[in-house]
**Student:** 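My questions all concern the structure below.
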Amino acid sequence: MPVKNRFAELLPEITEWRHDLHQNPEILFETHRTAQIVADKLKAFGCDEIATGLGRTGVVGVIKGKSTASGKVIGLRADMDALPIHETTGVDYASKIPGAMHACGHDGHTAMLLGAAKYLAETRNFDGTVVVIFQPAEEGGAGGKEMCDDGMMDRFGIQEVYGMHNWPGIPTGQFAIRPGGFFASTDQFEITVRGQGGHAAQPDKGVDPIVTTSAVISALQSIASRNVDPVEQVVVSVCSIESSSKAYNVIPNSVTLRGTIRSMSKETRALAETRLKAIATATCEAFGAKAEIRWIDGYPTMVNSEAQTEFAAEVATEVAGACDHAGIFMGGEDFAYMLEERPGAYILVGNGPSSSLHAADYNFNDEAIPAGCSWWAGLAERRMPAA
Ligand SMILES: [Zn+2]
Ligand SMILES: [Zn+2]
């Protein structure tokens, strides 16, 4: 089963959909137009059921096979949202919305899953049910979590769930995957160091939150170097320092730090949180200051299930002739929530030598469409073979 011929035929049409989505990017949960287009197309394809409004602006389509006697139900998920970036690609179908663009290729993801839905609704060459899932707000809004919280998995009886992301640097239409931890947890922290401000020439009269903060930042580096097992992955990054004074001759009352912690396991994630709180609290105390800590839970680690990863790689190998072993990525992915609810797997499809994701000159590579669509269709036909 190399690339399915039907997708070579459908390529111009799917590309047209993609370019239309690209011209009309929508951010986070504001994917109203995109969701409407998705729902309209699923209806035109003859899906058996279409549900809108899951996770606010998410859309679900149900496609039954020639038979459903197997009782199997698999979910195939794409994301629909764009990013608050001003596009500089210069393509003739560039974003019409200033300050918004599809810089992560979710336009391509939506178009590919629509293409697969069209094919699957046409052929229905499987014994079971396919549930196509189109989610909003992957880029930091946890739209996937909201769809799960709305009861999507139980409502549609989804037993396994699969996801795909285009990946710059992987040859176009080739695939890569790994079992286990794949994308990182993405928690955020804010630490306000409260001291006692005053005249810069009289530091002895107060408690300097600047000097305290510098000690806190240095000490936080020991989470990665001294607390977490060296063979585990963790990133602790302080990304912003904000003083309550901008003056040259005033010791401020307080300093606020903001940053992120990334990890690949529940244990490391919990350890990093405990250590961050302990280090910030005790270091501030040692300097006579006080730490106020706000911990903001981000996406959990995205963990691919063993059996489904093996199966996803088999289908990818049939499509592309091979499937590479992917490395760990310390970025986040909210498909993690769906993988917490059901076994499944997330795969990367090559976008060729393009600019990196989230760059203003990035563009999804339409030449990856036949491979991506074939993988989606192959998952359904192979996981639930027709009698
Ligand atoms: Zn992204
Ligand atoms: Zn993305």
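Note that the structure is predicted; figures quoted are calculated from it, not measured. Every number for a ligand or one of its atoms is a count from 1 in the order of the listing.
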**Student:** Taking only Lys NZ, Arg NE, NH1 and NH2, and the carboxylate oxygens of Asp or Glu, determine whether R382 and E318 approach each other closer than 4.0 Å.
**Tutor:** yes
**Student:** Looking at W375, Y162, F335, Y337, which one forms a ring-ring contact (aromatic ring centres under 6.0 Å, His included) with Y346?
**Tutor:** F335
**Student:** Please say whether the positively charged group of R383, taken as NZ for Lys or CZ for Arg, lies over the ring of F126, i.e. under 6.0 angstrom from the six-membered ring centre and within 45 degrees of the axis.
**Tutor:** no
**Student:** Between the Zn ion (ligand 2) and H106, which N, O or S atom of the residue is the nearest one?
**Tutor:** NE2
**Student:** So, of the N/O/S atoms that H165 has, which is the nearest one to the Zn ion (ligand 2)?
**Tutor:** NE2
**Student:** How are the rings of H165 and W167 set to each other: parallel, tilted or perpendicular (split at 30° and 60°)?
**Tutor:** perpendicular
**Student:** Taking N, O or S atoms only and a limit of 2.8 Å, check whether E139 reaches the Zn ion (ligand 1).
**Tutor:** yes
